[in-house]
There are 2 protein chains.
Amino acid sequence: MAHKSYPGTMTSTPADDWLRLDRQICFSLNAASRAFNGVYRVVLKDLGLTYPQYLVMLVLWEDGDQPVKKLGERLRLDSGTLSPLLKRLEAAGLVHRERSARDERSVEVRLTGDGAALRERAAEVPRRIAAATGCDLDEISALRDRLDRLTGALDAAIAAETATR
Amino acid sequence: MAHKSYPGTMTSTPADDWLRLDRQICFSLNAASRAFNGVYRVVLKDLGLTYPQYLVMLVLWEDGDQPVKKLGERLRLDSGTLSPLLKRLEAAGLVHRERSARDERSVEVRLTGDGAALRERAAEVPRRIAAATGCDLDEISALRDRLDRLTGALDAAIAAETATR
DNA sequence: GGCCATTTAGTTGTGCACAACTTAATTGTG
DNA sequence: CACAATTAAGTTGTGCACAACTAAATGGCC
């Protein structure tokens, strides 16, 4: 097959180039995402949190109590993901959920004492993650920017795609 | 930006810097990964494949029939993920699984006629994905390299972590 | 040759992501 | 006011990732 190493005798078609490059980028992003997840899994084990649960706690620590809707916007997650996740956080005693009095459709997510206190123990997490990446702050920052641009482009592409069909 | 806006009255501690930066990188990678997944979901819908199933088919198209073990090494997936996935691909008539005669522990995964034929219809996928990223080939290539380095560092960190405890 | 460690798939259970749907509350419009 | 459209959570079902385990085959070693 005309892959792996292109012998000089055979010119690689553009289609082949696309296929190879694409495979690499999708493999790479997938692998990086899962590797990141693995590091978080190890580091967060002591806290009894999963990676997505940690993201939710980060938002609550940073921005304070808020309705499920806002959490979902911040994390780009819908209620189908957040509802059971929050139920587990509540079972762990880290958050409390209560219907809003003003708008009974909305559910307010509040940190419990334990949930707020966990922030102290989570303080070392970022440093350990950053150390695991082996990157300095500038590298991390640059990568973050690139990923955000990529996400923006991909979201726009999805919007265009779904709009036209 | 110096991270959102720290009111001038409060000096940000180093711990805060780490926390904010980390939050950004973990948010960004998570979001990018899910956005990528979303684009693949749309593009692969016509083929009746999920993104992980597509990755498996890519490997089979590229490297030919092979045992589950090899597929797992290539994709960094274990049998707990691959077994049910391959069962679904078999149910869809794209692959066939058979115990190896030489080594009865091993299961050989083979493309069916339909599975091999699907490659033609998948030919346009990479171009559509690349278009959605809005990146040129050099950008994609650079990002891929960076992600691969990151994955390597993270894997090494996990290995070190699990070895010392 | 017999036995034990290793290897390969598969199974089970937990948790996340997402689509499609339901329920209930609110909002907008005639 | 009445009623349709919208909004917020939740539920259900499918599929993936991974840990922990089981089952069966293989290989090494005495």
Side-chain angles (χ1 to χ4, degrees), chain A residues 26 29-42 44-45 48-57 66-92 95 97-109 155 158 162, chain B residues 26 29-42 44-45 48-56 66-73 75-92 95 97-109 155 158 162:
Chain A
C26 66
L29 190 82
N30 205 258
S33 177
R34 300 215 321 276
F36 235 101
N37 222 300
V39 174
Y40 272 106
R41 196 190 326 281
V42 172
L44 293 175
K45 198 173 187 179
L49 291 176
T50 67
Y51 179 33
Q53 288 167 8
Y54 172 69
L55 295 184
V56 168
M57 295 301 288
Q66 56 194 288
V68 174
K69 181 65 160 59
K70 264 198 169 179
L71 270 178
E73 285 169 0
R74 196 85 159 79
L75 297 170
R76 298 163 159 271
L77 292 172
D78 65 11
S79 66
T81 299
L82 281 177
S83 287
L85 189 156
L86 291 170
K87 196 183 285 185
R88 282 184 286 270
L89 284 181
E90 187 169 42
V95 306
R97 287 183 302 164
E98 197 172 2
R99 286 277 162 191
S100 164
R102 280 190 308 114
D103 185 343
E104 294 250 339
R105 291 171 304 181
S106 179
V107 166
E108 200 76 16
V109 181
D155 282 350
I158 282 190
T162 54
Chain B
C26 66
L29 190 80
N30 204 259
S33 177
R34 299 216 320 278
F36 235 102
N37 222 298
V39 173
Y40 271 106
R41 195 191 327 280
V42 172
L44 292 174
K45 197 172 186 178
L49 291 176
T50 66
Y51 179 32
Q53 287 168 8
Y54 172 70
L55 296 184
V56 168
Q66 57 195 286
V68 174
K69 181 67 159 68
K70 264 198 170 181
L71 270 178
E73 285 169 1
L75 298 169
R76 298 163 159 273
L77 292 172
D78 66 9
S79 65
T81 300
L82 281 176
S83 287
L85 189 156
L86 290 169
K87 196 183 284 185
R88 281 185 285 269
L89 283 181
E90 188 170 41
V95 306
R97 287 184 302 164
E98 196 171 3
R99 287 277 161 189
S100 163
R102 279 189 310 113
D103 185 344
E104 293 252 338
R105 292 171 304 182
S106 178
V107 166
E108 200 75 18
V109 181
D155 281 349
I158 283 190
T162 54

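Throughout, a chain's letter reflects where its sequence line sits, starting with A, and its residues are numbered from 1.
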Could you check how far [atom1] of [X] sits from [atom2] of [N], rounded to whole Å?
{"X": "A:Q66", "N": "D:dA8", "atom1": "CD", "atom2": "P", "value": "14 Å"}
{"X": "B:E98", "N": "C:dT8", "atom1": "CD", "atom2": "P", "value": "19 Å"}
{"X": "B:E73", "N": "C:dT8", "atom1": "CD", "atom2": "P", "value": "8 Å"}
{"X": "A:Q53", "N": "C:dT14", "atom1": "CD", "atom2": "C1'", "value": "11 Å"}
{"X": "B:L49", "N": "D:dG15", "atom1": "CG", "atom2": "P", "value": "12 Å"}
{"X": "B:K87", "N": "D:dT14", "atom1": "NZ", "atom2": "P", "value": "15 Å"}
{"X": "A:L86", "N": "D:dA8", "atom1": "CG", "atom2": "P", "value": "16 Å"}
{"X": "B:L55", "N": "D:dG15", "atom1": "CG", "atom2": "C1'", "value": "14 Å"}

5′-ward residue of the pair A:N37/A:E108 relative to DNA chain D: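 On the 5' side of the pair lies A:E108.
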
DNA chain D: 5'-proximal contact among A:K70 and A:R34 (nearest heavy atom): A:K70

For residues [X] and [Y], report the shortest heavy-atom separation together with the two atoms involved.
{"X": "A:S79", "Y": "A:P84", "result": "O-CD, 3.9 Å"}
{"X": "B:L86", "Y": "B:R97", "result": "CB-CD, 3.9 Å"}
{"X": "A:Q53", "Y": "A:G48", "result": "OE1-O, 4.0 Å"}

Value rounded to 0.5 Å, distance of CG in B:L77 from CG in B:L85: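 So the gap between those two atoms works out to 8.0 Å.
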
Among the candidates [options], find the nucleotide nearest to the side-chain atoms of [X].
{"X": "B:P52", "options": "C:dA9, D:dA9, D:dA17", "answer": "D:dA17"}
{"X": "B:S106", "options": "C:dA9, D:dC18, D:dG10", "answer": "C:dA9"}
{"X": "B:K69", "options": "C:dA9, D:dA17, D:dG10", "answer": "C:dA9"}
{"X": "A:L77", "options": "C:dC18, C:dA9, D:dC18", "answer": "C:dC18"}

Categorize [X] for me: base, sugar-phosphate, or nothing, with a 4.0 angstrom heavy-atom threshold over every strand shown.
{"X": "A:P67", "answer": "sugar-phosphate"}
{"X": "A:T50", "answer": "sugar-phosphate"}
{"X": "A:L82", "answer": "nothing"}

Close side-chain approach of B:L55 and A:C26, heavy atoms under 4.5 Å: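 Side-chain contact under 4.5 Å: yes.
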
Residue list, side-chain hydrogen bond (donor to acceptor under 3.5 Å, both in side chains) with B:N30, at least two apart or on another chain: B:R34

Parallel, tilted or perpendicular: rings of A:Y51 and A:Y40 (30°, 60°):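 The rings of A:Y40 and A:Y51 lie parallel, inter-plane angle below 30°.
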
Residue-phosphate contact under 4.0 Å: A:R97 side-chain N/O, D:dG10 OP1/OP2: yes

Residue-phosphate contact under 4.0 Å: B:R99 side-chain N/O, C:dA9 OP1/OP2: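 Looking at the OP1 and OP2 atoms of C:dA9, neither is under 4.0 Å from any side-chain N or O of B:R99.
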
Please enumerate all protein N or O atoms sitting under 3.5 Å from an N or O of nucleotides 20-29 of chain C, with distances to 0.1 Å.
unit_1: C:dT26; atom_1: OP1; unit_2: A:E104; atom_2: N; d: 3.4

